[in-house]
Student: 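The structure's right below; bear with me while I get my questions together.
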Amino acid sequence: MTETVVTRFAPSPTGFLHIGGARTALFNWLFARSLGGKMLLRIEDTDRARSTQGAIDAILDGLKWLGLDWDGEPTFQFARADRHREAVDQMLADGRAYRCYAGAEELEQMRALAQAEGRPPRYDGRWRDRPAADAPAGVSPAIRLKAPTEGETVIDDLVQGRVVIPNKDLDDLVLLRSDGTPTYMLAVVVDDHDMGVTHVIRGVDHLTNAARQTQIYQALGWAVPKMAHIPLIHGPDGAKLSKRHGALGVEAYREMGFLPAALRNYLARLGWSHGDDEIFSTEQAVEWFDIGSVGRSAARFDQLKLQNLNGHYMRATPDDELLAAFKASLPYLPGGEEAKNKLDATGRWDAFAIALPGLKERAKTLVELLDGARFLLDERPLAVEPAAEGLLTADARALLGELSGRLAALDPWTADGAEEIVRSVAEDAGVKLGAVAQPLRAALTGRKTSPGIFDVLVALGREESLGRIADQAAPPRAA
RNA sequence: GCUCCCAUCGUCUAGCGGUCUAGGACGUCGCCCUCUCACGGCGAAAACAGGGGUUCGAGUCCCCUUGGGAGCGCCA
């Protein structure tokens, strides 16, 4: 009798889907998929002031791009406020919650005093046992949980192990604000229960919340779901990941030219391991995933390793697939729109496809791939980069002139044929191959580096190649 | 301040009492390959935070110290 596993990813739509959230979503997804369960999506939009439709769209878009699909329609937390209040009514009726008339200033003073006396800044429960008759007129109360004051609350965490929090350190949290709106703490419990969530997987920053929420579950007489609090991702300096570290939304990673599969692999490997396996498919990850193998210490985000992994993925991706991925990503890459227009206008997509095998070998991201393909985008006469200028000496230009004539006779226009000619020109001139190949590279691409030069010749085609060489070659007889 | 969590190469990690003179990956540095840059191949430097226990035996278990981190709202 195995119950079906139900996990959920519950972002609050106050910003984009950041990388930490993406990993939380991934772990929920991996866990659910590995056990044949479901992953639900819940938008925690109870903070009306900060929640935006734009953020909701960005989060859904980010999840889709990452390939993390969820089951059913997303649940919107704000829409369930009535149900949340219903749960509070139950707790009130059962004597597990009470009305608190303490005002904002009063609470602030309470906290300040506690701090000053070296005590934790907690609510002192002053309205906990006061009779209703004491209620001040005209003040609408907040509803607080009548939390246990003695004993301890235990969280049997799948990642953190058995975590024990003394109840005296937990105060009577607010369930319903004085304006009648439910708090996050309440909403999460009621929603997870109603949605049938069996496993709550989220960041460790929620560990203390887990204890408070456990108390709410207990007050409601509901079973507590299994919990797994995964460590946070830190920046290179070991501190919490922030914008300064490049902790951007997942869409930023799309703009940087990363492949979703590579990012998935990287994120899964960050904090979770399956022996020494570094590169594995999503299918393997699903097969291998084991929440118990998730480490307990925070991991630093290493963009260099992500890049290396992405490079592996690009090289391993079949050319036609990579081409499709590249085309799909182009609108998001810097200068991608412009590049697309040029490729469309010049009809050089064919050349791009021909050059792709050589290009992908040299790129760690789609952005680098695009950069490497720039010689396909440029028009004659080519602007030669300063660094490559030095390659085009007078001798080199003369060699190009010689090469130009011989190449013109090449038919068919193949890499092998071109190589034979270039080698013979070098040999006849008594120089090394590089002495001809490098100037040729400068003439053809305007740069010092590029894919293999014979492949470049083929990708560019006879006419364009000959034209570019002529642009840089010394005039046949003149000077 | 209080509560909780964490601690193996620079980074991500393997290690679940003896197989550890600690393995892999990224990064770094050499060498090879080579038309450039990459890729690839080979190799090198690089870690069990410190101190006490427990045990025949500790990177692995316990405690303390130190160092990190998270949480302590009528935010989520």
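Naming: A, B, ... by sequence-line order, numbering from 1 per chain.
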Student: For C16(B) and G23(B), measure between their P atoms and round to the nearest Å.
Tutor: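 My reading of the P atoms in C16(B) and G23(B) gives 14 Å.
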Student: Taking the C1' atom of each, how far is C4(B) from G41(B), in whole Å?
Tutor: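 Roughly 49 Å separates the two C1' atoms.
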Student: Using the C1' atoms only, state how far G59(B) lies from U21(B), rounded to an integer number of Å.
Tutor: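 Comparing C1' positions in U21(B) and G59(B) gives a spacing of 14 Å.
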Student: Taking only side-chain nitrogens and oxygens of R122(A), does any of them come within less than 4.0 Å of OP1 or OP2 of C2(B)?
Tutor: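 No.
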Student: What distance, rounded to whole Å, do you find between the two P atoms, one in C56(B) and one in G50(B)?
Tutor: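 Result for the P pair: 25 Å, nearest Å.
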Student: Could you tell me if Q215(A) and R212(A) have a donor-acceptor pair between their side chains, going purely by distance under 3.5 Å?
Tutor: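 No.
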Student: Pairing check on G43(B): which nucleotide meets the Watson-Crick or G-U wobble criteria with it, both distances under 3.5 Å?
Tutor: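 For G43(B), the partner nucleotide comes out as C29(B), under the 3.5 Å rule.
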Student: Quantified in whole Å, what is the P atom distance between nucleotide C9(B) and nucleotide A14(B)?
Tutor: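 Result for the P pair: 12 Å, nearest Å.
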Student: Taking only the P atom of each, what is the distance from G67(B) to U13(B) in whole angstrom?
Tutor: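 Comparing P positions in G67(B) and U13(B) gives a spacing of 23 Å.
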Student: At less than 4.0 Å, is any side-chain N or O atom of N308(A) found next to OP1 or OP2 of G27(B)? Yes or no.
Tutor: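 Yes, such a contact exists.
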Student: Could you please name the partner base of A58(B), counting Watson-Crick and G-U wobble pairs only when both distances are under 3.5 Å?
Tutor: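 Base-paired to nothing in any strand shown.
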Student: Between A76(B) and T14(A), is there an OP1 or OP2 to side-chain N/O distance shorter than 4.0 Å?
Tutor: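 No, no such contact exists.
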Student: Only one of Q213(A), H199(A), R42(A) forms a side-chain hydrogen bond (donor to acceptor under 3.5 Å, both in side chains) with D192(A), so which one is it?
Tutor: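 Result for side-chain hydrogen bond (donor to acceptor under 3.5 Å, both in side chains) with D192(A): R42(A).
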Student: Under 3.5 Å for both donor-acceptor distances, Watson-Crick or wobble: does G1(B) have a partner, and if so which one?
Tutor: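 Base partner found: C72(B).
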Student: Phosphate oxygens OP1/OP2 of A70(B): is one of them under 4.0 Å from a side-chain N or O of R202(A)?
Tutor: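 Result: no.
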Student: R423(A) side chain N/O closer than 4.0 Å to the phosphate oxygens (OP1, OP2) of C35(B)?
Tutor: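 Affirmative; the distance criterion is met.
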Student: Given C39(B), C12(B), G24(B), which nucleotide is nearest the side-chain atoms of E361(A)?
Tutor: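 Side chain of E361(A) sits closest to C39(B).
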Student: Any side-chain N or O of S450(A) less than 4.0 Å from the OP1 or OP2 oxygen of U36(B)?
Tutor: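 Indeed not, no polar side-chain atom of S450(A) lies that close.
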Student: Work out how far the C1' atom of C20(B) is from that of C72(B), and round it to whole angstrom.
Tutor: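 Result for the C1' pair: 42 Å, nearest Å.
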